[in-house]
Amino acid sequence: MVTRPVRIAVSGTHSTGKTTFLQRLEMELRAIGQTVARTPASFAQQAAERGFPKLRQQTAECTEWIISASGAAAAEATLTAGIVLIDRSALDPLAYYLAAHDRALKKPDPATVERLGSLVRAHCASYDLLIATNLDFSLPLGDTRDRDLDYREAVDRRVHSLLADMRISHLEMGNHPDHQKRALAAALAAATAAGQDDKQ
């Protein structure tokens with residue numbers, strides 16, 4: 001029997017429930033006997049520890065590093081797991097980079113954006129399902145999160161504008177339980193459908 005890893009990614013600004021959702025999805029998948037790996041959401045922090053500027057000072061080089069490091073982690077996870085859950089899609093670093101320019105009232109270099117966008121498209125093409133969270137202002141920021149609410153909102157706008165501009169297939173997930181239930185069902189279906197495709 002030929003099998004291939006399934007990749008399910010979540011995207012969105014900070015404190016929109018991405019990690020919590022993936023934790024629940026991982027539990028559901030393990031309960032039905034799937035081998036699961038989840039990539040960390042900490043690549044931006046790892047980039048900062050290496051000396052890259054972060055958040056509103058994020059550079060193109062930092063953005064490229066985060067996209068590449070996350071993609072490498074997802075690829076490595078396929079060595080030991082049938083389903084890889086990607087906490088922050090390749091789209092997120094670019095959204096943060098562009099939002100930083102929005103907050104500074106600056107225009108990014110178009111050639112740089114196109115180059116980074118090509119990386120994003122390549123990684124997103126490998127996802128079996130991409131779930132994009134919607135910002136809910138009633139959700140509190142985590143204790144360690146950036147406190148700039150306007151920046152948080154700018155990232156959310158950029159995530160969704162990039163999805164539309166790049167025509168990337170995705171499922172939107174709000175904070176309502178029905179939305180999360182629908183996203184969970186879609187993720188479970190994507191995982192099982194990919195497995196069925198490989199058996200045929």
Side-chain angles (χ1 to χ4, degrees), residues 4-14 16 18-19 21-22 25 37-44 46-47 52-56 58-79 81-103 106-135 151-173 183 186-187 189-191 193-194 197-198:
R4 67 173 178 82
V6 176
R7 301 188 193 196
I8 298 171
V10 292
S11 189
T13 193
H14 40 291
T16 53
K18 296 180 299 298
T19 300
F21 172 78
L22 286 184
L25 176 57
R38 180 157 46 94
T39 65
S42 60
F43 289 107
Q46 292 180 39
F52 287 109
K54 62 185 291 189
L55 295 173
R56 288 172 299 283
Q58 184 172 312
T59 62
E61 291 75 20
C62 176
T63 304
E64 182 177 358
W65 186 91
I66 297 170
I67 293 170
S68 301
S70 175
E76 184 175 346
T78 65
L79 296 173
I83 300 175
V84 178
L85 306 180
I86 300 165
D87 197 335
R88 289 200 171 283
S89 79
L91 192 85
D92 289 37
L94 181 55
Y96 274 83
Y97 173 70
L98 294 174
H101 281 76
D102 293 342
R103 293 287 286 132
K106 293 181 179 178
K107 295 271 187 193
D109 174 57
T112 298
V113 174
E114 179 56 35
R115 177 174 62 82
L116 294 172
S118 295
L119 287 175
V120 170
R121 290 185 190 92
H123 285 288
C124 287
S126 72
Y127 303 153
D128 293 273
L129 176 65
L130 173 59
I131 297 170
T133 60
N134 289 312
L135 176 59
Y151 182 53
R152 181 192 187 202
E153 185 178 1
V155 173
D156 180 71
R157 285 196 304 270
R158 280 296 189 171
V159 165
H160 292 282
S161 66
L162 285 169
L163 286 167
D165 293 345
M166 294 183 178
R167 298 181 180 179
I168 296 173
S169 177
H170 66 284
L171 173 67
E172 293 199 12
M173 181 179 73
D197 288 343
D198 291 325

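Note that the structure is predicted; figures quoted are calculated from it, not measured. Count residues from 1 along the sequence.
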Show your reasoning for whether side-chain contact (heavy atoms from CB on, under 4.5 Å) applies to L130 and I168. CA-CA 9 Å; L130 173 59; I168 296 173; 3.7 Å; yes
Could you go through M166 and L94, starting from their C-alpha distance and side-chain angles, then the distance that decides it, and tell me whether this counts as side-chain contact (heavy atoms from CB on, under 4.5 Å)? CA-CA 12 Å; M166 294 183 178; L94 181 55; 3.8 Å; yes
Going through the distances and angles, do E61 and F52 end up as a side-chain contact (heavy atoms from CB on, under 4.5 Å)? CA-CA 8 Å; E61 291 75 20; F52 287 109; 4.2 Å; yes
Begin from the C-alpha positions of T19 and D87 and carry the test side chain to side chain donor-acceptor pair (under 3.5 Å) through to its verdict. CA-CA 6 Å; T19 300; D87 197 335; 2.6 Å; yes
Candidate pair I131 and H170, rule side-chain contact (heavy atoms from CB on, under 4.5 Å), full reasoning: CA-CA 6 Å; I131 297 170; H170 66 284; over 6 Å; no
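Distance alone, capped at 3.5 Å, is enough to place a donor-acceptor pair between the D92 side chain and the G12 backbone. Listed for the D128 side chain is a donor-acceptor partner under 3.5 Å among the backbone atoms of R7. The backbone N or O of S89 sits nowhere less than 3.5 Å from a side-chain atom of S70 that would complete a donor-acceptor pair. Listed for the S126 side chain is no donor-acceptor partner under 3.5 Å among the backbone atoms of A122. Here the side chain of Q58 pairs no donor or acceptor atom with the backbone of A44 at under 3.5 angstrom.
Here the side chains of T133 and F21 are not in contact, with every heavy-atom distance at 4.5 Å or above. Between V84 and T39 the shortest side-chain heavy-atom distance falls below 4.5 Å. The shortest distance between side-chain heavy atoms of I86 and V10 does not fall below 4.5 Å.
Among all heavy-atom pairs drawn from D156 and L135, the shortest one is OD1-N, 3.2 Å. In this structure, A90 and Y127 approach most closely via the heavy-atom pair N-OH, 2.9 Å. Counting all heavy atoms, side chain and backbone alike, A77 lies closest to A37 at CB-CB, 3.8 Å. Taking every heavy atom of both residues into account, L91 and V120 meet most closely at CD1-CG1, 3.7 Å. Smallest separation of non-hydrogen atoms from A183 and L171: CA-CD2, 3.7 Å. Across A100 and L55, no two heavy atoms sit closer than the pair CB-O, 3.7 Å.
Side-chain contact annotation: E153 with T13, donor-acceptor N/O pair under 3.5 Å absent. Under 3.5 Å, the side chains of H14 and Y151 contain no donor-acceptor pair of N or O atoms.
Annotation: Q46, atom CD; neighbour count of heavy atoms from other residues, nucleotides and ligands within 6.0 Å is above 12.
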